[in-house]
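Taking it in order: structure first as structure tokens, then the write-up.
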Amino acid sequence: MKEADSKFDLKGIMPVELRLLDGQVDIILRSLELYAYNLEFMLNTENSDENERQKKLALLKYTYEQVLSIQAEC
């Protein structure tokens, strides 16, 4: 798993446009909230370096905000 994390390249991410139903957006937001809680726990027990920890948390927060903005547009 560590090797996959070290090869994670933010520049290689391609934007994707999704069309979601209101119920789907709610499910995704709740899932991201649960994942954020679990991720905090996992990162604290994994002894991951602070830079990697901040990158993962920032990506999660950015994803959450993107989905939230989709909901606000509808």
Side-chain angles (χ1 to χ4, degrees):
M1 182 82 174
K2 283 249 183 222
E3 287 182 44
D5 289 345
S6 64
K7 294 180 183 176
F8 186 73
D9 182 15
L10 294 176
K11 295 174 188 165
I13 296 175
M14 300 295 293
V16 176
E17 189 170 323
L18 293 175
R19 292 183 147 190
L20 301 170
L21 301 172
D22 289 339
Q24 290 174 304
V25 173
D26 188 49
I27 290 169
I28 291 170
L29 289 173
R30 290 177 187 267
S31 299
L32 287 170
E33 289 170 359
L34 179 61
Y35 180 69
Y37 175 79
N38 290 331
L39 183 62
E40 281 282 347
F41 177 75
M42 289 185 303
L43 291 174
N44 287 337
T45 58
E46 263 184 14
N47 296 327
S48 57
D49 67 343
E50 188 62 25
N51 188 31
E52 189 68 25
R53 183 176 191 269
Q54 290 302 319
K55 189 186 323 181
K56 287 180 180 182
L57 291 173
L59 185 59
L60 176 64
K61 182 179 178 184
Y62 180 68
T63 304
Y64 185 87
E65 290 172 357
Q66 281 184 311
V67 175
L68 193 59
S69 73
I70 289 170
Q71 186 179 36
E73 290 173 2
C74 295

Once you round to the nearest 0.5 Å, how far does [atom1] of [X] lie from [atom2] of [Y]?
X: Lys61; Y: Glu65; atom1: NZ; atom2: CD; answer: 5.0 Å
X: Glu50; Y: Leu43; atom1: CD; atom2: CG; answer: 9.5 Å
X: Leu59; Y: Gln54; atom1: CG; atom2: CD; answer: 12.5 Å

So do the side chains of Glu40 and Leu57 get within less than 4.5 Å of each other, counting heavy atoms only?
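Glu40 reaches Leu57 side chain to side chain.
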
Report yes if some heavy atom in the side chain of Leu21 is under 4.5 Å from a heavy atom in the side chain of Gln24; otherwise report no.
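Contact flag for Leu21/Gln24 side chains = yes.
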
Answer yes if Ile28 and Tyr35 sit in the same cluster of Ile, Leu, Val, Met, Phe, Trp and Tyr residues linked by side chain heavy atoms under 4.5 Å apart, and no otherwise.
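The answer is yes; both residues are in one hydrophobic cluster.
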
Leu32 and side chain to side chain contact (heavy atoms under 4.5 Å, CB included): which partner among Leu39, Thr63, Ile27?
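Exactly one candidate clears the test, Thr63.
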
Flag the pair Arg53 and Asp49 as a salt bridge only when some basic side-chain nitrogen lies within less than 4.0 angstrom of an acidic carboxylate oxygen.
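So Arg53 does not pair with Asp49 through a salt bridge.
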
